[in-house]
Amino acid sequence: MFEDIFNDLKKQFTLLQITQKEERLNFITIPKEQTVSLVTYLKNLGGFKHLVLLTAVDYIEQDKFQLTYILNNPEKRIDIGVRTLIDRNPAEMDSAHHLWPTIATYQRELNEMFGINFPGSPRVDEPFILEGWEGIPPYRRDFDTRAFAESFYHQRNGRKSEDPAKYMKEKLYPNE
């Protein structure tokens with residue numbers, strides 16, 4: 001099912017890795033510079049008309065982000081995930097909003113939560129979820145969640161913890 005697609009893609013793009021996850025879901029890894037061209041090709045000529053999602057993973061040890069575009073071909077009922085690695089600093093990727101207007105929302109979220117810039121993407125610099133946020137984006141792995149919570153939130157006493165078996169025995173059989 002995917003073999004013809006991959007053979008066709010290999011003629012025009014550098015496929016760094018092909019990974020089959022399920023019968024109807026495969027992932028390909030491609031250089032950053034070819035990513036938008038490849039997803040354009042898949043949409044326009046490969047029948048992958050539906051963008052399922054765009055997401056990111058922070059590989060801090062490699063100083064990279066992995067972007068994953070998952071595309072669906074509704075006629076063949078198959079999905080392809082297109083992966084690419086980009087530098088964490090500066091974290092920047094070409095926008096694909098000309099292909100799917102909805103991708104601008106994903107790009108806006110990734111900009112705010114990871115600090116990945118998508119130049120030219122509509123409203124990419126407007127606050128999305130974190131109005132007034134300052135500092136390191138919270139989905140980066142070097143964001144210190146505990147330090148943030150301790151400095152931002154009022155600390156209160158924790159709940160009293162009970163042993164469930166002992167607690168239920170006292171409640172059900174108080175005279176024993």
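What you see is a predicted model, and the numbers here were worked out from it, not measured in a lab.
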Test of understanding: clusters of I, L, V, M, F, W, Y form through side-chain heavy atoms closer than 4.5 Å, transitively. Do Ile136 and Ile60 belong to the same one?
no

One pair to check against side chain to side chain contact (heavy atoms under 4.5 Å, CB included): Lys49 and Asn44. What are the steps and the verdict?
CA-CA 7 Å; Lys49 300 192 181 308; Asn44 294 338; over 6 Å; no

Heavy atoms of Lys76 and Asn73 approach each other most closely as N-OD1, 3.0 Å

d(Leu67 CG, Arg83 CZ) to nearest 0.5 Å is 12.0 Å

Taking the side chain as C-beta and beyond, is there a heavy-atom pair between Asp94 and Phe118 under 4.5 Å?
no

Can you confirm whether Val124 sits close enough to Pro122 that some side-chain heavy atom of one is under 4.5 Å from a side-chain heavy atom of the other?
no

Close side-chain approach of Thr29 and Leu85, heavy atoms under 4.5 Å:
no

Residues, nucleotides or ligands: over 12 heavy atoms within 6.0 Å of Tyr139 OH:
no

Name all pairs fulfilling the side chain to side chain donor-acceptor pair (under 3.5 Å) condition that reach into residues 125-135, sequence neighbours left out, sorted by first residue then second.
Arg123-Glu126

Asn111 to Asn117 - nearest heavy-atom pair and separation
ND2-CA, 3.5 Å

Any side-chain donor near an acceptor of the partner, Gln107 and Ser95, under 3.5 Å
yes

Looking at Lys21 and Asp79, is any side-chain nitrogen of the basic one under 4.0 Å from a carboxylate oxygen of the acidic one?
no

How about CD on Glu75, more than 12 heavy atoms from neighbouring residues, nucleotides or ligands closer than 6.0 Å, or not?
no

Taking the side chain as every heavy atom from C-beta outward, state whether Pro137 and Glu112 have any pair of such atoms under 4.5 Å apart.
no

State, to 0.1 Å, how close Thr14 and Pro31 come at their nearest heavy-atom pair, and which atoms those are.
O-CD, 3.1 Å

Pairwise side-chain contact, Glu61 with Arg141, heavy-atom cut-off 4.5 Å (strictly under):
yes

Measuring from Ile28:CD1 to Leu16:CG, what's the distance to the nearest 0.5 Å?
10.0 Å

Counting distance only, does the side-chain N/O of Lys64 pair as donor-acceptor with the main-chain N or O of Asp58 below 3.5 Å?
no

If you take all heavy atoms of Gly47 and Pro74, which pair is closest and at what distance?
O-CD, 3.6 Å

Students often mix this up, so state it plainly: with edges at 30° and 60°, are the rings of Phe148 and Phe143 parallel, tilted or perpendicular?
tilted

Checking Arg108 against Phe128: charged group under 6.0 Å from the ring centre and within 45 degrees of the axis?
no

Gap separating the CD1 atom of Ile80 from the CZ atom of Phe2, nearest 0.5 angstrom:
5.5 Å

Candidate pair Ile18 and Gln20, rule side chain to side chain contact (heavy atoms under 4.5 Å, CB included), full reasoning:
CA-CA 7 Å; Ile18 299 172; Gln20 182 177 3; over 6 Å; no

List the steps, then state whether side chain to side chain contact (heavy atoms under 4.5 Å, CB included) holds for His50 with Trp100.
CA-CA 8 Å; His50 176 67; Trp100 301 279; 5.8 Å; no

Applying side chain to side chain contact (heavy atoms under 4.5 Å, CB included) to Ile5 and Phe48, what does each step give before you reach the verdict?
CA-CA 11 Å; Ile5 296 169; Phe48 290 87; 4.1 Å; yes

At what distance, to the nearest 0.5 angstrom, does OH of Tyr41 lie from CG of Leu9?
6.5 Å

Pairs satisfying ring pair (Phe, Tyr, Trp, His ring centres under 6.0 Å), at least one member in residues 153-176, at least two apart:
none

What one should report as the nearest heavy-atom pair of Asn26 and Phe6 is CB-CZ, 3.6 Å

Find the distance between CE (Met93) and CD (Glu33) and round it off to the nearest 0.5 Å.
8.5 Å

Is Phe27 reachable from Val57 through a run of hydrophobic residues whose side-chain heavy atoms are each under 4.5 Å from the next?
no

Closest approach of Tyr59 to Arg88 (non-hydrogen atoms, all atoms of both residues)
O-CD, 4.3 Å

Val82 versus Ile30: any side-chain heavy-atom pair under 4.5 Å?
yes

Quick one, Thr68 and Leu54 - any side-chain contact, counting heavy atoms below 4.5 Å?
no

Would you say that Tyr106 contacts Leu51 through its side chain, given a criterion of any heavy-atom pair below 4.5 Å between the two side chains?
yes

One should read off an interatomic distance between Leu172 CG and Glu170 CD, to the nearest 0.5 angstrom, of 10.5 Å

Look at the side-chain heavy atoms of Ile, Leu, Val, Met, Phe, Trp and Tyr, link any pair under 4.5 Å apart, and say whether Leu38 and Leu53 land in one connected group.
yes

